[in-house]
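Below is one structure; the comments refer to it alone.
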Amino acid sequence: NWEMGDFISEKIEEIRNIVGNAQVIAALSGGVDSTVASLLVHRAIGDRLHCFFIDHGLLRLGEREEVENNLRALGLPLKVVDASELFLERLKGVEDPEEKRKIIGNTFIEVFEREAKGVERAEFLLQGTLYPDVVESAGIKGSAKIKTHHNVGGLPQRMHLKLIEPFRELFKDEVREIGKLLGIPKEILGRHPFPGPGLAIRIIGEVNREDLEILKKADRIFIEELKKNGFYDRIWQAFAVLLPIRSVGVMGDVRTYEKVIALRAVESTDGMTADWYRFPYDFLDHVMRRIINEVRGVGRVVYDVSSKPPSTIEWE
Ligand code: XMP
């Protein structure tokens with residue numbers, strides 16, 4: 001695809017001109033957008049790019065290690081920061097989704113700012129903002145807060161940083177194409193989108209460690225089965241949600257009263273509209289059995305058949 005090839009060489013040239021001799025900082029999530037953006041800028045200015053991966057304790061099972069390995073394998077200059085204690089502490093007792101987002105967003109900025117201060121002559125902040133993010137932040141969804149993490153809040157102004165957003169005009173499939181041309185492995189480019197606030201908005205209500213463990217295990221089983229059965233790449237996003245209710249069941253001749261996991265899987269091209277994925281019943285049955293057998297504390301599994309609109313992709 002020579003069009004995207006041209007885009008890459010033009011952007012690299014442009015980034016070199018804009019940045020000059022200054023340093024650039026970036027907060028990476030391990031997702032497609034920030035990874036491709038960082039590799040592009042790394043091609044342009046080398047180790048004057050400083051990447052930070054902040055672990056907020058709301059990642060999926062094994063995700064921190066996986067992301068760290070991926071990013072290091074790409075040669076990106078990376079610092080990993082474990083701030084999970086701080087995030088979980090601040091989320092204690094908080095139930096409202098927007099309140100959770102606000103706390104996570106602010107804490108993220110605080111931690112990132114502290115780290116970034118160690119970089120001398122940091123004048124630019126790199127962000128993997130896509131066109132749909134620009135549109136959604138402009139208020140089509142009615143709230144700029146939906147994407148707290150995509151525009152690290154007031155950080156650029158506070159630290160007098162200028163923004164570099166090479167993908168502002170692009171859609172995700174175009175960014176994946178660029179990533180492919182830059183030599184990023186398929187497993188990274190095919191990763192489903194994952195929201196900045198992470199599992200905090202997939203535990204409905206208050207977040208605590210015990211529920212995080214339950215959700216991580218259930219989510220891992222679902223994703224593992226999606227990959228094993230060839231569904232993962234046909235789906236835009238799939239995940240488990242932990243509901244704030246208990247439900248009655250029977251195990252042997254004992255009555256149980258345990259938590260409920262909802263499974264969500266959608267097809268979409270840009271996340272702005274979405275349709276629930278039609279799995280074969282046998283697949284859902286298999287995943288349900290594995291989750292209830294293997295994840296202690298879960299007694300019921302349901303599948304979400306809502307489309308967007310009127311529902312959103314996430315539950316919170
Ligand atoms: P919704 O749930 O609004 O999600 O249909 C659309 C896409 O955005 C992601 N999402 C978020 N991403 N911070 C993010 O960085 C957030 O607060 C947030 N909320 C939703 C969601 O996973 C989906 O891909």
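One is the number of the first residue; the rest follow in order along the sequence. Just so you know, ligand 1 is whichever comes first in the structure, and atom 1 is the first atom listed for that ligand.
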For ligand 1, the portion of Met272 having any non-hydrogen atom under 4.0 Å away: neither
Ligand 1 N/O within reach of Glu316 N/O, cut-off under 3.5 Å: no
For Lys308, atoms of ligand 1 separated by under 4.0 Å from a heavy atom: 1 (P), 3 (O), 5 (O), 6 (C)
Asn21 CG: over 12 foreign heavy atoms closer than 6.0 Å: no
Phe222 ring center near Phe239 ring center (under 6.0 Å): no
Backbone or side-chain N or O of Gln237 under 3.5 Å from ligand 1 N or O: yes
Sole residue of Trp236, Tyr232, Phe231 in ring pair (Phe, Tyr, Trp, His ring centres under 6.0 Å) with His192: Tyr232
Distance (rounded to the nearest 0.5 Å) between Glu65 CD and Leu59 CG: 9.0 Å
N or O contact, Gly196 vs ligand 1, cut-off under 3.5 Å: yes
Test item: side-chain donor near acceptor, Asp47 and His42, under 3.5 Å: yes
Ile201-ligand 1 polar pair, N/O distance under 3.5 Å: no
